[in-house]
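For reference, the structure discussed in these notes is given below.
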Amino acid sequence: MSEENNQYTFENETYRKTYWHTCSHVMAQAVKRLWPEVKLAIGPSIDEGWYYDMDAPFAFTPEHLEQIEAEMRKICKEKLKLERFELPRPEALQLMEEKGEPFKVELINDLPEGEVISFYKQGEFTDLCAGPHLDSTGRIKGNALKLTACNAAYWRGDSNRETLQRIYGIAFPKKDELDAYLARIEEAKKRDHRRLGKELGLFMLRDEGPGFPFFLPKGMTLKNTLLDYWRKVHKKYGYVEISTPIMLNRQLWERSGHWDHYKNNMYTTVIDDVDFAVKPMNCPGGMLVYASEPHSYRDLPLRVGEIGLVHRHELSGALHGLFRVRCFNQDDAHVFMTREQMQDVIQETVRLFDEVYSVFGLSYTIELSTMPEDHIGTVEEWERNQDILKQAITAMGKEFVINEGDGAFYGPKLDFHLADSLGRTWQCGTIQLDSQLPERFELEYTGEDGQKHRPVMIHRVVLGSIERFIGVITEHFAGAFPAWLAPVQVKLLPVTDRAAEYAAKVSAQLDAQGFRVEVDSRNEKIGKKIREATLEKVPFMLVVGDRDMENGTVSVRRRSGEDLGAMSLEDFAALLGDEVKTMAIK
RNA sequence: GCUGAUGUGGCUCAAUGGCAGAGCAUCUCACUCGUAAUGAGAAGGUUGUGGGUUCGAUUCCCACCAUCAGCUCCA
């Protein structure tokens, strides 16, 4: 995906960003020409294009955007020079007040003392801006720019402040690059897991349960196959598996801290006059399991996995297909260990992540999230744990970026972000270091010295949410899952009714060998059956007709269209078995 | 939750202040066919829900629900 993102002929990123930034000024100028009453906020360049936030007394429509585009083209043709100038604070404030730009006035007021206050002027339009910019609006190719969307955004990202309108745009030095970009966006939409999920019969969402996905037979097969793999790979890494209740009483959630720190997102109910909450996380249940019997240092690290169904009340506007739901399965695990084992355990976990993600061909970026405002535990403890996470991945030669203040309330974490087909990243894996919950639940182990000690733990998920991960790989593979994952691996296509019985026999034989097989016994032409099986993205089609019956063969076709010709069923089973094995764990 | 848009048979989409239409899918019949759509016929809709305006609302207005784009949030 990243290759596709780098098709631009812009010389380099700095130039690209400068180009887009100047576009945002041209757009603001166009808007002010058309509707002088519109107030300007901020208009930066972004990874793909630019936006400008504005406050208008009316809502921008697609027609407005076309008008703005037309005016932008005019401004490009006018070849206006961009001139930078600086003003002392009082004059800068006076200029923006005269122009009636309250947001700019606020920005200037918030600039630190001594900061240079610079403006860029092009024709009649002047904007507060640090720059840099192109030297002329004539540098922008007017017919290779497009305003792509208009949406809401909060002033300064604060949901308590004004809601502004954000207009997004994209531009390239050449028209055909813009076309290629727009075509890529269209192509990415075809991979949307919500669309593919419907087309392939994987899952559905209903008004009756917003954010609570239904899995259909094919999606369920996919999910179970994924979980089979998960169990195998975790067994290999020394994990055991448990299952804890979906609902536990209030006392437990108070003890874990969730009642105080997470209550707004929890579904609660009253049973026999006692408050209960549906679990938003699996850890408290896992604590109870650990605490249910004494442990020796010899048992550590103790790796306890759980495919846990959790419910979280997300804001209605945040829901998004399988990517953001209110109920999902976490491929959770808690590893209990001594302080000395922390670094090893973290590294072992990262190696497990690498193994799993590489099976799917997914790349990731790592974020280290540090202490949030709402937290438990001391600052020293947090810093110590953050350092351990840093050291562990640095020693493995991995890069990370810091996400300040975004840790869980009980500890810092490493988040693994996987990219979807639109280049959006989704947090899937996470490793959270926690010395707070063991404290709260008074977990213990007996050390070599015969004394009781407190273990530390990590909370970790690899796939994250099974649901989200299915969404990510659906887009990643564009619905064409590798054979080991495909809900249907083989589709038998009898050419005529005469071959129906033979097809059923072949199907039964493959089924007995553990392959997932379907027979298309409809009275339809072979061309139609092939077309539909291809659209269903079934990896292998076996065409069987009179010739195959006579010779005891199957005629094999891949979903790519490749015709492998007739072969014996044994040969085909070997071929399929091989393909399945190369992808999955031994 | 906020701003804007959308909501029509299972799916994709038309249309209109005056009897709601197509393609695909479904069902029936014929065809028995060798690598991306055989033909004919039938059936299928209180136009998201609830109010209102109107002689008449699927269409106009209001509220709610859901979805979409984004913002905010996201253990």
Side-chain angles (χ1 to χ4, degrees), chain A residues 51 53 55-56 58-62 148-168 189 192 194-195 198-199 201 204-211 256-258 261-262 264-266 279-283 310 312-321 323-326 330 332 369 372 374-375 406-413 415 424 426-427 430 432 434 437 459 461 464-465 468 493-500 523-535 541-548 555-559 561-566:
Chain A
Y51 68 77
D53 286 349
D55 189 22
F58 57 88
F60 288 111
T61 64
T148 49
C150 177
N151 284 304
Y154 295 116
W155 169 231
R156 308 201 124 176
D158 183 344
S159 57
N160 297 315
R161 302 280 320 252
E162 296 89 329
T163 299
L164 306 174
Q165 298 189 66
R166 175 172 296 179
I167 303 178
Y168 288 88
K189 279 190 192 154
D192 190 309
R194 292 167 297 187
R195 176 204 279 239
K198 190 178 272 181
E199 286 173 5
M204 67 176 191
L205 286 158
R206 300 277 310 182
D207 287 3
E208 289 85 343
S256 70
H258 288 87
H261 295 268
Y262 203 69
N264 288 343
N265 284 38
M266 288 162 73
K279 66 176 174 182
M281 297 173 98
N282 305 300
C283 4
V310 297
R312 302 175 181 186
H313 185 72
E314 302 293 352
L315 292 177
S316 59
L319 302 179
H320 182 110
F323 283 166
R324 195 79 191 280
V325 290
R326 286 176 171 162
Q330 288 186 307
D332 214 345
S369 293
D374 182 19
H375 65 270
D406 203 40
F409 68 81
Y410 47 72
K413 56 181 184 143
D415 288 331
R424 293 171 299 199
W426 293 94
Q427 184 194 318
T430 180
Q432 304 173 353
D434 181 4
L437 282 187
H459 311 247
V461 291
S465 129
R468 175 179 288 179
L493 310 178
V495 179
T496 68
D497 290 349
R498 288 191 300 281
N523 184 8
E524 293 288 352
K525 287 192 158 182
I526 191 64
K528 179 163 187 167
K529 293 185 182 184
I530 287 171
R531 176 183 155 78
E532 292 188 0
T534 306
L535 292 174
M541 285 159 250
L542 302 186
V543 176
V544 290
D546 294 341
R547 284 207 301 273
D548 297 290
S555 299
V556 184
R557 181 188 164 109
R558 286 181 184 273
R559 66 184 159 206
E562 189 188 357
D563 188 346
L564 303 179

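These numbers were taken from a predicted model, which means no experiment stands behind them. Chain letters run A, B, ... following the sequence lines, proteins first and then strands; every chain starts at 1.
Of all the heavy atoms in A:G407 and A:P372, the pair that sits closest is O-CG, 3.4 Å. Listed here is the closest heavy atom pair of A:Q330 and A:N282: OE1-ND2, 3.2 Å. Residues A:V495 and A:G545 approach most closely at CG2-CA, 3.7 Å, considering heavy atoms.
Contact between the side-chain N/O atoms of A:K528 and the OP1/OP2 oxygens of B:rG34 is not found at any separation under 4.0 Å. Considering only side-chain N and O atoms, A:H313 lies nowhere under 4.0 angstrom from the phosphate OP1 or OP2 of B:rC74. For B:rC68, neither phosphate oxygen OP1 nor OP2 lies less than 4.0 angstrom from any side-chain nitrogen or oxygen of A:K189. Checking the phosphate oxygens (OP1, OP2) of B:rC33, a side-chain nitrogen or oxygen of A:R498 falls inside 4.0 Å.
At the heavy-atom level, A:A153 lies under 4.0 Å from the strands shown only through sugar-phosphate atoms. In this structure, A:G157 reaches the sugar-phosphate backbone alone: every heavy-atom distance under 4.0 Å involves primed, P, OP1 or OP2 atoms, never a base. Residue contacts shown for A:D546 include a base, since a base heavy atom lies under 4.0 Å away. Residue A:G545 is classed as a base contact, given a heavy-atom separation below 4.0 Å to a base. The residue A:Y410 sits close only to the backbone: its heavy atoms come under 4.0 Å of sugar-phosphate atoms, none of a base. Across all strands, A:N151 comes closer than 4.0 Å to base atoms (heavy-atom distances). When heavy atoms are screened at a 4.0 angstrom cut-off, A:R557 is found touching base atoms of the nucleic acid. Backbone-only contact: A:Q432 has heavy atoms under 4.0 Å from sugar-phosphate atoms and none from a base. If you check every strand for non-hydrogen atoms under 4.0 Å, A:S555 touches a base. Looking at heavy-atom distances under 4.0 Å, A:T534 makes contact with a base. Nucleic acid contact for A:I526: sugar-phosphate only, since backbone atoms but no base atoms lie under 4.0 Å from a heavy atom of the residue.
Among the duplex regions that RNA chain B forms, those built from at least three successive Watson-Crick or G-U pairs under 3.5 Å are B:1-7 with B:65-71, B:10-13 with B:21-24, B:26-30 with B:38-42, B:48-52 with B:60-64, ordered by first number.
Two residues, A:K529 and A:L315, neighbour RNA chain B, and the one matched to the more 5' nucleotide by heavy-atom proximity is A:L315. Along RNA chain B, the nucleotide nearest to A:D415 and the one nearest to A:A149 differ in position, and the one closer to the 5' end is contacted by A:A149.
In this view, A:E208 and A:R206 satisfy the side chain to side chain contact (heavy atoms under 4.5 Å, CB included) rule, not counting sequence neighbours.
Rounded to whole angstrom, the span from the CG atom of A:D374 across to the C1' atom of B:rC74 amounts to 14 Å. The CD-C1' distance, from A:E199 to B:rA25, rounds to 13 Å in whole Å. One interatomic measurement links the two molecules: CD of A:E562 to C1' of B:rU35, which rounds to 13 Å at whole-angstrom precision. One atom, CZ of A:F409, and another, P of B:rC73, lie 19 Å apart when rounded to the nearest Å. To the nearest angstrom, P of B:rC29 lies 14 Å from CD of A:E524. Between the P atom of B:rC33 and the CZ atom of A:R547 lies a distance of 12 Å, rounded to the nearest Å.
Side-chain atoms of A:V543 lie closest to B:rU35 of the nucleotides B:rU35, B:rA66, B:rU32. Side chain of A:Y154, nearest nucleotide from B:rA69, B:rU72, B:rG4: B:rU72. Of all nucleotides listed (B:rC71, B:rU32, B:rC33), B:rU32 comes nearest to the side chain of A:D497. Residue A:L319 places its side chain closer to B:rU67 than to any other of B:rU32, B:rU67, B:rG34. In this structure, the nucleotide among B:rU3, B:rA37, B:rA66 sitting nearest to the side chain of A:R531 is B:rA37. Proximity note for A:E532 (side chain, C-beta onward) versus B:rA25, B:rG1, B:rU32: the nearest is B:rA25. Listed nucleotides B:rU3, B:rU35, B:rG1 differ in distance to A:A152; the shortest reach to its side chain belongs to B:rU3. For A:K198, taking side-chain heavy atoms from C-beta onward, the closest of the listed nucleotides B:rG1, B:rG70, B:rU12 is B:rU12.
B:rA40 and B:rA57: their C1' atoms are spaced 38 Å apart (whole Å). Nucleotides B:rU46 and B:rC2, compared at atom P, are 32 Å apart to the nearest Å. Here, B:rA43 and B:rG48 have their P atoms 24 Å apart, quoted to the whole Å. Taking atom C1' on both B:rA36 and B:rC29, the two are 26 Å apart, rounded to the nearest angstrom. Nucleotides B:rU59 and B:rG1 are separated by 31 Å at their C1' atoms, to the nearest Å. B:rC24 and B:rA42 have their P atoms separated by 14 Å, with the value rounded to a whole Å. Separation of the P atoms belonging to B:rG9 and B:rA5 is 22 Å when rounded to the nearest angstrom. Taking atom C1' in both B:rG23 and B:rA14, one finds a spacing of 11 Å when rounded to whole Å.
Counting atom types as modelled, A:R194 pairs no side-chain N or O with a base atom of B:rC68 as donor and acceptor under 3.5 Å. Residue A:R324 places a side-chain atom within donor-acceptor reach of the base of B:rC73, judged by atom type and a 3.5 Å distance cut-off alone. No donor-acceptor contact under 3.5 Å links the side chain of A:S159 to the base of B:rG1.
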Please step through side-chain contact (heavy atoms from CB on, under 4.5 Å) for the pair A:R559 and A:M541, ending with a clear verdict. CA-CA 7 Å; A:R559 66 184 159 206; A:M541 285 159 250; 4.2 Å; yes
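One finds a salt bridge joining A:D192 and A:R194 here, because a Lys/Arg side-chain nitrogen approaches an Asp/Glu carboxylate oxygen to under 4.0 Å. With salt bridges taken as basic N to acidic carboxylate O contacts below 4.0 Å, one links A:R166 and A:D53.
Using a 30° and 60° split on the angle between ring planes, A:F409 and A:H258 fall in the perpendicular class, above 60°. A parallel orientation is assigned to the rings of A:H320 and A:F323, their planes being inclined by less than 30° (bins at 30° and 60°).
Put simply, CG on A:D434 and NE2 on A:H459 are 3.5 Å apart, with the number rounded to the nearest 0.5 Å.
For the pair A:R312 (side chain) and A:P280 (backbone), a donor-acceptor distance under 3.5 Å is present.
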